[in-house]
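Protein chains get the first letters and strands the later ones, always in sequence-line order, with residue 1 at the start of each.
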Amino acid sequence: MPDFHRIAALPQLVGQTVAVRGWVMTTRSSGKIAFVALRDGTGYLQAVLSRQEVPDAAWEALGKLAQETSLEVTGVVRADRRAPGGVELQASDLTIIGPSHDFPITPKEHGTAFLFEHRHLWLRSRRQVAIARVRHEVVQAIRDFFYERDFILVDTPILTGSIGEAAGNLFAVEYFDLGTAYLAQTGQLYVEAAAAALGKVYCFGPTFRAEKSKTRRHLTEFWMVEPEVAWNDSNDNMKLQEEFVSYVVARCLERRRPELAELERDMRPLEAIRPPFPRISYTDAVEKLGALGSGIEWGRDLGGDAETLLAKQYDRPVLVYNYPKQVKAFYMKENAADPRTVLNNDMLAPEGYGEIIGGSQREDDHDKLLARIREEKLPEDAYSWYLDLRKYGTFVHSGFGLGVERTVAWICGIPHIREAIAFPRTLYKLWP
RNA sequence: UCCCCGGUAGCUCAGUCGGUAGAGCGGGUGACUGUUAAUCACUAGGUCGCAGGUUCGAGUCCUGCCCGGGGAGCCA
């Protein structure tokens, strides 16, 4: 029995007899010679069967190889210029493990609605495999970045009683005798508490928004990483963001070039992603957008079109800082130099991918924070623990949240955020 | 919640002026010893989203509904 190997290992095994297990992508036959294209998750391989060199049973099995049949092929690894990938398997035997019939996703075009109805099977396609691998790299790079900088991971609750930013748009669930609980839309308030314990912390997990958003940039369930740093002001915060995003992009370029190539991602724009990133204040951005012909009046949040237009002016992500207080969350620190604004920033990805980061310095003055909670008519009791952080040794601190799927979509150059997660949850998608 | 677009074979779509339902791919059968989404021949496959209306006659025109997509708002 030859040893079983993954396809990715075969270039190092030229001349050896090996067994490979995988799934059929396509078959081609010319009567007495046949080609089976298969995949195993690590790579793609062409097996070559010659009528006179395989047992009758293997040749008969060939006729039953529909798309996505699982099988084991044994044979000699051979370098051949004609083979996709440089090596192929000259088969000596072939065994069907699990038959397959009428696989719904054929090697032709499909619409996105159909593909998402078959998401559990669509994951097997080359493109989706490449995206999954890039996402994995992004997630690993995020963890490594913070580990290398001595951040401590703090897992924040998904079920919460108090609410995050604004009321509404939360998923509610029954919680025993304690009434209604909500699925977290941010871990930020909790990492603020943890920052006073551990200094540099982050949380990384799923987050939930019950917004009825139907756009290519929105999911109801998505992954977000939220660092929070004691003694960082807003400028420190922006510096951390540009180093962080540059690190993640560089890692993908370093380790996932084959996947990005598979996705036909133009990697040149990604090569330009290194600190420092351009910075522009909200007020200057409004002026600039006016000059560019997009009439945004001061005091209103930047819309999607305005964000895209602004981001197009730069070859790397742009940091837009100090937004008007009234369009931002209650916990953001008032800007002493211009109290109409707060010390926050968004990061807009290039190439029209929009906001990938939202961050701010937090209001550390107890009375000002309480006043803002009252202004927003938030339930004061629910925030008493949050106010405690300002009562017992308040401290300057800042943090941000980065949306994983938006970041993956940008790095992969894919048009739709829904392809950036294995099983997307949207307004109309709870299945599969 | 609002605006725009769509729904015809398993999939992607065409269907003219209202006049017998079409193509490619996929499936099936067969041919072929180096294919790269192989090629070639033959073949099966339809509740035209649902309901009603106009008409001699509706995939096509009208009304209502259902489902989906994109965008706005909101955000990562």
Side-chain angles (χ1 to χ4, degrees), chain A residues 25-37 44-53 59 63-64 66-68 78 80-85 88 90 100-118 122 125-126 164-170 185-188 204 206-226 241 245 300-308 323 327-329 346-349 353-359 400-410 415-418 420-421 426-429:
Chain A
M25 298 192 293
T26 60
T27 61
R28 295 178 285 278
S29 168
S30 300
K32 291 176 181 163
I33 187 168
F35 303 89
V36 180
Y44 302 94
L45 176 70
Q46 169 170 288
V48 186
L49 284 82
S50 297
R51 177 67 188 97
Q52 293 167 341
E53 295 173 31
W59 192 254
K64 297 173 186 163
Q67 196 186 352
E68 291 302 317
R78 230 176 37 187
D80 192 312
R81 277 191 299 109
R82 292 167 297 187
E88 63 184 16
Q90 182 66 48
S100 171
H101 297 289
D102 296 331
F103 190 70
I105 302 171
T106 60
K108 247 324 206 208
E109 295 162 25
H110 297 283
T112 53
F114 176 83
L115 289 168
F116 279 110
E117 280 299 307
H118 297 83
W122 187 25
S125 74
R126 294 179 72 115
E165 302 182 11
N169 295 339
L170 295 165
Q185 63 171 359
T186 174
Q188 181 209 311
F204 191 2
T207 185
F208 307 89
R209 308 261 168 107
E211 294 155 0
K212 295 195 172 178
S213 303
K214 291 173 60 177
T215 83
R216 66 183 72 192
R217 302 186 306 279
H218 287 87
L219 297 168
T220 53
E221 176 182 310
F222 64 96
W223 283 64
M224 185 159 65
V225 55
E226 295 175 278
Q241 289 167 36
V245 169
R300 297 196 57 191
D301 209 348
L302 266 39
D305 289 348
E307 285 184 353
T308 300
Y323 280 61
V327 299
K328 287 294 164 185
D346 285 349
M347 182 189 289
L348 308 180
Y353 279 89
E355 184 182 345
I356 55 171
I357 280 179
F400 63 90
L402 173 126
V404 169
E405 289 76 16
R406 286 185 181 178
T407 304
V408 170
W410 163 49
H416 223 294
I417 190 178
R418 290 169 206 181
I421 185 168
T426 67
L427 199 48
Y428 299 113
K429 286 279 186 299

Contact class for A:Gly111 (heavy atom, under 4.0 Å): base, sugar-phosphate, or nothing?
sugar-phosphate
Pick the C1' atom in B:G27 and in B:C65, then give their distance to the nearest Å.
35 Å
Using a cut-off of 4.0 Å on non-hydrogen atoms, how would the nucleic acid contact of A:Lys328 be classed: base, sugar-phosphate, or nothing?
nothing
With sugar-phosphate meaning primed atoms plus P, OP1 and OP2, does A:Asp346 contact a base, only sugar-phosphate, or nothing at under 4.0 Å between heavy atoms?
nothing
Rounded distance in Å between the P positions of B:U47 and B:U55:
29 Å
Answer with base, sugar-phosphate or nothing: what part of the nucleic acid does A:His101 contact at a heavy-atom distance below 4.0 Å?
nothing
Let's see if you can work this out: which of B:G34, B:C75, B:G70 has an atom nearest to the side-chain heavy atoms of A:Arg216?
B:G70
Between B:C48 and B:U12, how far is it from one C1' atom to the other, in whole Å?
16 Å
Checking all strands, does A:Gln46 fall into the base, sugar-phosphate, or nothing category for heavy-atom contacts under 4.0 angstrom?
base
Quiz question: going by heavy-atom distance under 3.5 Å, is there a donor-acceptor pair between the base of B:G34 and the side chain of A:Arg78?
yes
With heavy atoms under 4.0 Å as the rule, sort A:Ser29 into base, sugar-phosphate or nothing.
base
When you measure from the side chain of A:Arg406, which nucleotide among B:C75, B:G71, B:C11 comes out closest?
B:C75
Which is true for A:Thr26 with a 4.0 Å heavy-atom rule: it touches a base, it touches only sugar-phosphate, or it touches nothing?
sugar-phosphate
Remember a base hit wins even if backbone is also touched, and classify A:Arg418 as base, sugar-phosphate or nothing at under 4.0 Å, heavy atoms.
sugar-phosphate
Can you work out whether A:Phe114 or A:Ser30 has the more 5'-proximal nearest nucleotide on RNA chain B?
A:Phe114
Looking only at heavy atoms, what is the nearest atom pair of A:Ser50 and A:Trp59, with distance?
C-CZ3, 4.1 Å
Using the C1' atom as the point on both nucleotides, what is the distance between B:C75 and B:A37, in whole Å?
40 Å
When we call it a touch if two heavy atoms are under 4.0 Å apart, what does A:Gln67 touch: a base, just sugar-phosphate, or nothing?
nothing
A:Ala113 side-chain proximity, nearest of B:C75, B:G68, B:G27:
B:G68
Closest of B:G34, B:C75, B:U12 to the A:Glu88 side chain is B:G34
Base, sugar-phosphate alone, or nothing: which one does A:Phe222 contact when heavy atoms must sit under 4.0 Å apart?
base
When you check the phosphate oxygens OP1 and OP2 of B:U35, does a side-chain N or O of A:Lys32 lie under 4.0 Å from one of them?
no
So does A:Trp223 get a backbone contact from the side chain of A:Glu405, meaning a donor-acceptor N/O pair under 3.5 Å?
yes
Determine: side-chain N/O of A:Arg217 to OP1/OP2 of B:G70, distance under 4.0 Å, yes or no.
no
Other residues, nucleotides and ligands only: do more than 12 of their heavy atoms fall within 6.0 Å of CZ on A:Arg300?
no
Answer yes if the side chains of A:Glu226 and A:Thr186 hold a donor-acceptor pair under 3.5 Å, and no otherwise.
yes
Can you tell me how far C1' of B:G68 sits from CD of A:Glu117, to the nearest Å?
9 Å
Determine the contact category for A:Ile356: base if any of its heavy atoms lies under 4.0 Å from a base atom, sugar-phosphate if only primed atoms, P, OP1 or OP2 are that close, otherwise nothing.
sugar-phosphate
Winner on side-chain proximity to A:Lys429, out of B:C75, B:G69, B:G73, is B:G69
A:Val245 and A:Leu402: side-chain contact (heavy atoms from CB on, under 4.5 Å), yes or no, with the steps?
CA-CA 9 Å; A:Val245 169; A:Leu402 173 126; 4.0 Å; yes
Could one point to a donor on the side chain of A:Arg51 or the base of B:C32 with an acceptor on the other under 3.5 Å away?
no
Check for a donor-acceptor pair, side chain of A:Gln67 on one end and backbone N or O of A:Ile105 on the other, with a separation under 3.5 Å.
yes
Checking A:Arg406 side chain against A:Ile417 main chain: does a donor-acceptor pair fall under 3.5 Å?
no
Taking the C1' atom in each of B:U43 and B:C4, what is the distance between them to the nearest angstrom?
43 Å
May I ask you to say what A:Leu219 touches in the nucleic acid, namely base, sugar-phosphate or nothing, with a heavy-atom cut-off under 4.0 Å?
base
If I pick the C1' atom on B:G46 and the same atom on B:C40, what distance separates them, to the nearest angstrom?
28 Å
Among B:G69, B:U33, B:C75, the one nearest any side-chain atom of A:Ile33 is B:U33
